[in-house]
Protein chains: 2
Amino acid sequence: MNKNKKRSDCPISNSLDIWGDKWSLLIIRDLMFNKTCTYKDFLNAGEGIATNILSARLASLEENGMIEKVDNPGTKTRVYYKLTTKGIELVPILVEVHLWAEKYFTIPADIKARIKGAKTDKEGFIKASIKELKKA
Amino acid sequence: MNKNKKRSDCPISNSLDIWGDKWSLLIIRDLMFNKTCTYKDFLNAGEGIATNILSARLASLEENGMIEKVDNPGTKTRVYYKLTTKGIELVPILVEVHLWAEKYFTIPADIKARIKGAKTDKEGFIKASIKELKKA
DNA sequence: CCGCATCCCTATAGATACTG
DNA sequence: CAGTATCTATAGGGATGCGG
């Protein structure tokens, strides 16, 4: 991904150049719902990403300012990742994707519950989520 | 893409399985701003998609109910494509991506103008766009 | 011409084994 | 635990062909 190649001046295209692959948004999702994740957390997220792909995506997302790697030497979880502000601001997009998907796929109730608040008050839910994430 | 393989029960993941690649959303984008497109229109959209890739994506998006192929025999543009309702309902996502990208990339004024209305009244802009697209 | 299909070749994605 | 290394599969680019 993203070897500094902008395919065009289109904002959609520019965005996809950074996180428009099968995995990046899932990494962002994990960080949205968990605030911080370790390498292992991502691997256990359910979709089964390969270690080399995960490694490459983390590097790419960090390079593009979407996530931050935090070193915490001496603790159990020595390395973890969190969203930057730029990454946090993808929340509205993720919420819209979530809402769209619920209309067209069968989603288990426990997963639906993750954005339940967005159904009654979308803007409020988004604002609260962003605020929470910025505290991490 | 999408050989009927759902990676998980996550709505984000399910969505990406259908249109989470470098090209699908650009095709959707073209249909959002132009209502209908011919094969040639997509090829000339600016990013330079290859003919075989375009063909594959169109087939995949049609298979997944995102777009429709319309045959119009006897006219100049014999074949064109349009969004289905399912595809039209990606508008909120595209708008959010657009807005996000304008914060983090330098976008030419003429392209920014495409969703100018969304900055003052996002919900209104989205509703109007959807209504327009459904008329096509 | 237009809307693809096909072939060839390269680049990237992805699975698995292994390492500091 | 957090990644590399290696190998294979697939996506993608570019040229060309072909029926309508």
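Sequence lines set the chain letters: A, B, ... in the order given, protein chains first and strands last, and positions in each chain run from 1. Worth saying up front: this structure is predicted, and the values here are computed from it rather than measured.
To the nearest 0.5 Å, the span separating CD on B:E63 from CZ on B:R57 amounts to 11.5 Å. For the atom pair CD1 of B:I18 and OG of B:S24, the computed distance is 9.5 Å after rounding to the nearest 0.5 Å.
Pairs engaging residues 26-36 of chain A under the salt bridge (charged side-chain N to carboxylate O under 4.0 Å, His left out) rule: A:R29-A:E47, A:K35-A:E132 [sequence neighbours left out].
Listed by chain and residue number, A:W19, B:V97, B:W100, B:A101, B:F105 satisfy the side chain to side chain contact (heavy atoms under 4.5 Å, CB included) test with A:S15 (two or more places apart in sequence, or in another chain). A:A59 pairs by the side chain to side chain contact (heavy atoms under 4.5 Å, CB included) definition with nothing, not counting sequence neighbours. Residues passing the side chain to side chain contact (heavy atoms under 4.5 Å, CB included) test with B:K40 are B:T38, B:N44, sequence neighbours excluded. Not a single side chain to side chain donor-acceptor pair (under 3.5 Å) links A:S129 to another residue, sequence neighbours left out. Among residues two or more places apart in sequence or in another chain, the side chain to side chain contact (heavy atoms under 4.5 Å, CB included) test is passed with B:S55 by B:Y39.
Between B:W23 and D:dA11 there is no side-chain N or O to OP1 or OP2 distance below 4.0 Å. Contact check, B:R57 against D:dA11: no side-chain N or O comes under 4.0 Å of OP1 or OP2.
Taking atom CD1 of residue B:I49 and atom C1' of nucleotide D:dG13, one finds them 11 Å apart after rounding to whole Å. The NZ-C1' distance, from A:K22 to C:dT12, rounds to 13 Å in whole Å. Regarding A:L61, its CG atom lies at a distance of 16 Å from the C1' atom of D:dG3, rounded to whole Å. Taking atom OH of residue B:Y81 and atom P of nucleotide C:dC2, one finds them 14 Å apart after rounding to whole Å. Rounded to whole angstrom, the span from the CZ atom of A:R7 across to the P atom of C:dT12 amounts to 13 Å. Taking atom CG of B:D71 as the reference point, atom P of D:dG19 lies 19 Å away to the nearest angstrom. If you take CG of B:L54 and C1' of D:dA11, they are 15 Å apart, rounded to a whole angstrom. In this entry the distance linking CD1 of A:I53 with C1' of C:dA11 reads 13 Å, nearest Å.
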For nucleotides 17-20 of chain C, give me every protein contact, N/O to N/O, under 3.5 Å, one pair per line with atom names.
residue, atom, partner, partner atom, Å
C:dA17, N6, A:T51, OG1, 3.3

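At its two ends the helix from C:dC1-D:dG20 to C:dG20-D:dC1 runs along axes set 30° apart, each axis drawn from five pairs and the angle rounded to 10°.
For B:K22 and A:D17, the salt-bridge test fails: no basic side-chain N is under 4.0 Å from an acidic carboxylate O.
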Return all side-chain donor-acceptor pairs below 3.5 angstrom for residues 87-95 of chain A, not counting sequence neighbours, or 'none' if the list is empty.
residue, atom, partner, partner atom, Å
A:E89, OE1, B:K103, NZ, 3.1
A:E89, OE1, B:Y104, OH, 2.4
A:E89, OE2, B:K103, NZ, 3.0

Under 3.5 Å, which donor-acceptor pairs link side chains of residues 112-126 of chain A to any protein atom two or more places apart or in another chain?
residue, atom, partner, partner atom, Å
A:K119, NZ, A:E102, OE1, 2.9
A:T120, OG1, A:G117, O, 3.2
A:D121, OD1, A:G124, N, 3.1
A:K122, NZ, A:E96, OE2, 2.8

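Near DNA chain D, meaning a heavy atom under 4.0 Å away, there are no residues from residues 31-48 of chain B.
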